[in-house]
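First comes the structure, then the notes that go with it.
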Amino acid sequence: MDILKGLNEMQKEAVEYTEGPLLLLAGAGSGKTTVLTRRVANIIEKGTNPYNIVAITFTNKAAKEMKERVCKIAEQGDKVWVSTFHSMGVRILRQHIDKIGYDKSFSIFDSTDSEKVIKNCLTDLNLSDKHFKPKNMKSIISKFKNELVSAEEYAKREEKDSREQSISDIYTLYESKLEKNNALDFDDLIYKTVLLLESNEEVLEKYQSRFEYILVDEYQDTNIPQYKLVKMLAGKYKNLCVVGDDDQSIYGWRGATIDNILNFEKDYENAKVIKLEQNYRSTKKILASANSVISNNTKRKVKELWTDNEEGVNFKYYKGYNEQDEAVYVINNIEKMVEEDGKEYDEFAILYRTNTQSRQIEDNLVKNNIPYVLYGGVKFYERKEIKDILAYLRLIFNMDDEISLMRIINVPKRGIGNGTIEKVYEYANENGISALRALSNVEQIETIGSRSKNIKKFYDLLMSLKDKSKEVEIDELIKEVVELTGYIEELKEEKTDEANTRIDNIYEFINKATESAKNENNTLETFLEEISLVADIDAYDENTKCVSLMTMHSSKGLEFKNVSIIGFEENIFPSYRSVSSDDEGELEEERRLCYVALTRAEESILLTSATSRMLHGRVNNNKVSRFFDELILTDIDDVSPIKKPKIQSRISKLPKMDYAHSVERTKQFMRSSENAHIFSAPQDKELGFEVGDTIKQMRYGKGVVTEIKPAGADFEVTVDFGSKGEKKFMGILSRLKKV
DNA sequence: AAAACGCCGGTTTTT
DNA sequence: CCGGCGTTTT
């Protein structure tokens, strides 16, 4: 097939420019994946062995998709190494990690495991988990690793105050505990790979020679270690193509730095830059609004997406009374479009800022019998029962994994209580042996006495499982675990719904294992790895006939005909943290997230918010999101029961912009007939006061009016009483008086 | 040793 | 509002 068929000029150029460093700035919906796969095909066609090409992505889903598409158009495409950063790290480390002092059968700790290790560190160091919160410590350590600062280096650093010194101790002990467990945490998968390649010329040379062509997707999401890894791997041939969009950088909190993309031209001499700015996905209205929002960011490469697509329909905006009302509207809207316009459920996505927001939506979908898929939330592999079974498997694979050992030593109950466990640990420490070795010598531990037979039984159970693992497939092994431990038996005893769900989950887990076992060269190692590295979105299947529910973060890279963004409110989106942070950058990242969400849509967008919302057991009254003001307001139909709330405040809240831009925007804003009334002073004679006035109320005393909304013959007046909070009144009825 | 209770604290996004 | 965790009770 013709590799350039159907491409625009810029796309063709990107496909043909195969030698040397290339930065491909690919806007949302600009046909990026097509260009990438054709480019790979082109490199192969020019005579390169596919084995010498590597493509790096962030999610398994993206990797899988790219692999499939490359295979379709290129001879021997299956030989191209398409991998995520993390699985690439694992693959390199499994082969060479012994060179930096680990065993090749290392475990991968998830963040829960890491936090447990940190808790152990705190106990050992006699530090309080109130002052040194494990979650917080975890993220500090993660930050160090993402800045390539080792525990050793940090320990040497001078001028540390006492808190920093303690943190340094925690970091050091944490690292040594991981080593003792022969485990790596998530950050290590990249960090330790970098350390390995830095310290070992031979290994570096091996991979540098192999990778004649390197391709990195979503480059705007790379952090420092990832950047460094890529730079080292590309060191020999420098045929490095990075693809990204600085406007879609939404993982700053994970250490990703937008500078990697902004500085590419400085990092790589003679780098070619190609911009893909034509969007093939969205309507003109959607694109114009997305552009309008993102133009408020200061730190970005100049580009503007355009499209030949139709103008399209207006956005809809619905402000509900509360989150329940909001959910009902969103679902009714979908139902209506399905019934009246012949849409399918799978053409809809509901996006939100935080996972908890999916709850009301889910309730209402169930009520209305609408099929849906929820991505994210409590992950399958993080359920208690699955983690328990997994702990057995992990322990069988890596007997040094004490976190797993601790998890299941008395699960199901087998009469090994905390007291006994402590004694085992004491013995292990005194004799400088691993906990498992101590278990095998349990008869020697005098203090335990007759309970040692429980331990003996447990130890024998583990050993027989380990033997089994060498003979049978993974699904058989899991069945064996369940059988020998009596795990399901114990659950059956409970006879509760919850226990039954857990049993179902275990059967589902076995099914998944059976699926995996079908792949040739599937081992316990690869199975565990697969599970450690899955993301929610990896399960995304575009062939379902379901409404999709996911966070805006998860939606990156996907597209839907109709998108609903719920919770379009201050303190939710943008998040409370970003709003109250003094780092301007955080807000810009939220704005980029907004840009990502908007550009998922092909045809229509519904934005919703709620006047009052229950949050952490408390009622919140949030204003509509500031991003609302940054949209092109004339392209929005307000379908709320109460129209245009608080529109007065908008003038002062126009986004910060350079002067020319600002004047233009203001003019545009005033021209819009819908907004014309804003510029006449809003005053309601019947009330005798307006927004901003101080009034007096019988019970609460003096307060400032923040909002007036018509409500039938009366007005709903919101008054801020300062420390007493915000209250709502019916203005005339409650006889509010201007002071 | 296991179940039951009650308090405290957190609470964004995730490979 | 939730869940986790430590304390108390059986």
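The sequence lines fix the lettering, A, B, ..., with proteins before strands; numbering per chain opens at 1. Keep in mind that the numbers below use all heavy atoms, side chains included, and drop hydrogens, waters and symmetry copies.
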Is the shortest distance from a Lys or Arg side-chain nitrogen in [X] or [Y] to a carboxylate oxygen in the other one below 4.0 Å?
{"X": "A/Glu586", "Y": "A/Arg577", "value": "no"}
{"X": "A/Lys192", "Y": "A/Glu175", "value": "yes"}
{"X": "A/Lys387", "Y": "A/Asp110", "value": "yes"}

What does [X] touch in the nucleic acid at a heavy-atom separation under 4.0 angstrom: a base, only the sugar-phosphate, or nothing?
{"X": "A/Phe58", "answer": "sugar-phosphate"}
{"X": "A/Arg414", "answer": "nothing"}
{"X": "A/Ser111", "answer": "nothing"}
{"X": "A/Lys133", "answer": "sugar-phosphate"}
{"X": "A/Asn60", "answer": "nothing"}

- Item | 5'-most by nearest nucleotide on DNA chain B - A/Lys135 or A/His86 |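 Nearer the 5' end of the strand: A/Lys135.
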
- Start at the 5' end of DNA chain B and walk down; is the nucleotide closest to A/Asn418 or to A/Arg353 reached first?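 Mapping each residue to its closest nucleotide by heavy atoms, the 5'-most match is A/Asn418.
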
- Message: In whole Å, I'd like the distance from the CZ atom of A/Arg618 to the P atom of C/dC2.
- Response: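 Between P of C/dC2 and CZ of A/Arg618: 15 Å.
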
- Query: In whole angstrom, what separates A/Lys384's NZ from C/dG3's C1'?
  - Reply: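 Taking NZ of A/Lys384 and C1' of C/dG3, I get 14 Å after rounding.
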
- Task: Verify the ring-centre separation between A/Phe144 and A/Tyr171: is it less than 6.0 angstrom?
- Result: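 Distance test on ring centres: under 6.0 Å, yes.
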
- Can you label the angle between the A/His96 ring and the A/Tyr207 ring as parallel, tilted or perpendicular, going by 30° and 60°?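 A/His96 vs A/Tyr207 ring planes: perpendicular.
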
- Item | Pairing partner (Watson-Crick or G-U wobble, both distances under 3.5 angstrom) of B/dG9 |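 Partner of B/dG9: C/dC2.
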
- Message: Among A/Asp401, A/Asp185, A/Asp124, which residue satisfies the salt bridge (Lys or Arg N to Asp or Glu O under 4.0 Å) criterion with A/Lys177?
- Response: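 Single salt bridge (Lys or Arg N to Asp or Glu O under 4.0 Å) partner of A/Lys177 among A/Asp401, A/Asp185, A/Asp124: A/Asp124.
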
- What distance, rounded to whole Å, do you find between the two C1' atoms, one in C/dC5 and one in B/dT12?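 That atom pair is separated by 24 Å.
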
- Pairwise P distance for C/dG4 and B/dT13, with rounding to whole Å: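 Between the two P atoms, the distance is 16 Å.
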
- Strictly by modelled atom types, are A/Ser578 and A/Ser575 linked by a side-chain donor-acceptor pair under 3.5 Å?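 Yes - a donor-acceptor pair under 3.5 Å links their side chains.
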
- Item | Leading and trailing nucleotides of DNA chain B with any atom under 4.0 Å from heavy atoms of chain A |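 Under 4.0 Å from chain A, the extent on DNA chain B is B/dA1 to B/dT15.
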
